[in-house]
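The chains referred to below are lettered A, B, ... by the order of the sequence lines, with proteins before strands, and numbering in each begins at 1.
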Protein chains: 2
Amino acid sequence: MATRTAAQMREQAKVEYDAYLAACPSRQLLDRISDKWVGLVLSALAGGPLRYGELGRIIAGVSPKMLTQTLRGLERDGLVERRVTPTVPVRVDYELTELGRSLLPVMRAIKSWAEQHMDLVNAARAEYDAAPATA
Amino acid sequence: MATRTAAQMREQAKVEYDAYLAACPSRQLLDRISDKWVGLVLSALAGGPLRYGELGRIIAGVSPKMLTQTLRGLERDGLVERRVTPTVPVRVDYELTELGRSLLPVMRAIKSWAEQHMDLVNAARAEYDAAPATA
DNA sequence: CGGTATCCCCGGCGATACTG
DNA sequence: CAGTATCGCCGGGGATACCG
């Protein structure tokens, strides 16, 4: 066995780096908000509490599974609150918490940059895609 | 067959909604910056131009394929510029464009929120995970 | 040095059917 | 009404090997 191979050392470094990445707050946040449905749910909830079914209708393309999964994730992170009213047919409302609302400005910043610059990005893409040869 | 089934109408609505989502600037931006390596590359490049190999070493856990793929995507979007110096062994530098630099404040906003609030999020997670029964 | 091309595998997304 | 459980598929991610 003798010396550890370069591959082994690299492997080791990689594992550590992955662990480091997983612990990075920015990455954690990006992982959360980059989820396909999170942004939609957040902005839907920005206007006030909504029931499960209402969210499903507003968001339209979401399956019950993904909606629940998204909601659970957000609840777990303390960004939304799940409030159950035990009436005859149960009624469940979801609402942004204080923490969840504090995230809205960030979402707005993202939206703002996107609206101001995405046309440039799209132009760059078009140009890039249209360049088959010659500088 | 007569009437279109509810499933068909739902399908239709979903396709349209997906198209709408795909066109949403915020979603496009999120799709880009939420990429595992994009944030790393951007912040690495924030300090000035770097060579391909340097990026690979700084970022550590990245495979050549992913590094190239990330770089190409960013170049295509006009966020980084690829500069080739045709010396004997080729030399390639990557550098943020003006557009790319304009994105840095947004990244900082994300980082800032994360650093200020992720401990609350993690606390919420711990509490959530520790709640097996009773309110 | 700076990539490209290929293969494989895993995880996540969505659809469906069913329950309290 | 508000979910949960299960299945299948598809695509992206990483490792590896190889070119200019």
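Protein atom CG of Leu71(A) is 14 Å distant from nucleotide atom C1' of dC1(D), rounded to whole Å. Whole-Å rounding puts the Lys65(B) NZ to dT16(D) P distance at 13 Å. Straight-line distance from the CD1 atom of Ile59(A) to the P atom of dA2(D): 14 Å, rounded to whole Å. Gln69(A) places its CD atom 9 Å from the P atom of dG14(C), with the value rounded to the nearest Å. Atom pair Leu50(B):CG and dG2(C):C1' shows a separation of 15 Å (rounding to whole Å applied). One can place CH2 of Trp37(B) at 13 Å from C1' of dA15(D), the figure rounded to the nearest angstrom. Between Leu55(A) atom CG and dC1(D) atom P the separation is 14 Å, expressed in whole Å. When rounded to the nearest whole Å, the span between CD of Glu75(B) and P of dG2(C) equals 15 Å.
The shortest side-chain heavy-atom distance between Leu55(B) and Val62(B) does not fall under the 4.5 Å cut-off.
The phosphate of dA2(D) (OP1 or OP2) has a side-chain N or O of Arg51(A) nearer than 4.0 angstrom. Residue Tyr52(B) places none of its side-chain N or O atoms closer than 4.0 Å to OP1 or OP2 of dT4(C). Put simply, Lys36(A) has a side-chain N or O that comes within less than 4.0 Å of OP1 or OP2 on dG14(C). Residue Arg82(A) has a polar side-chain atom (N or O) positioned under 4.0 Å from OP1 or OP2 of dG3(D). Tyr17(B) has no side-chain polar atom (N or O) that falls below the 4.0 Å cut-off from OP1 or OP2 of dG14(C).
When all heavy atoms of Arg51(B) and Arg91(B) are compared, the closest pair comes out as NH1-NH1, 3.5 Å. The two atoms that bring Val106(B) and Ala109(A) nearest to each other are CG2-O, 4.4 Å, heavy atoms only.
In the displayed structure, Glu115(A) atom CD is contacted under 6.0 Å by more than 12 heavy atoms of other residues, nucleotides or ligands.
Among the nucleotides dC1(D), dG3(C), dG20(D), the one closest to the side chain of Pro89(A) is dC1(D). With dA2(D), dG3(C), dA15(C) as the choices, the nucleotide that has an atom nearest any side-chain atom of Val92(B) turns out to be dG3(C). Side-chain proximity of Arg72(A) to the nucleotides dC13(C), dG3(D), dC1(D) is greatest for dG3(D).
Residues Arg91(B) and Met66(A) each lie close to DNA chain C; by heavy-atom proximity, the contact nearer the 5' end of the strand is made by Arg91(B).
Taking 4.0 Å as the cut-off between side-chain N and carboxylate O, Glu54(A) and Arg57(A) do not count as a salt-bridged pair.
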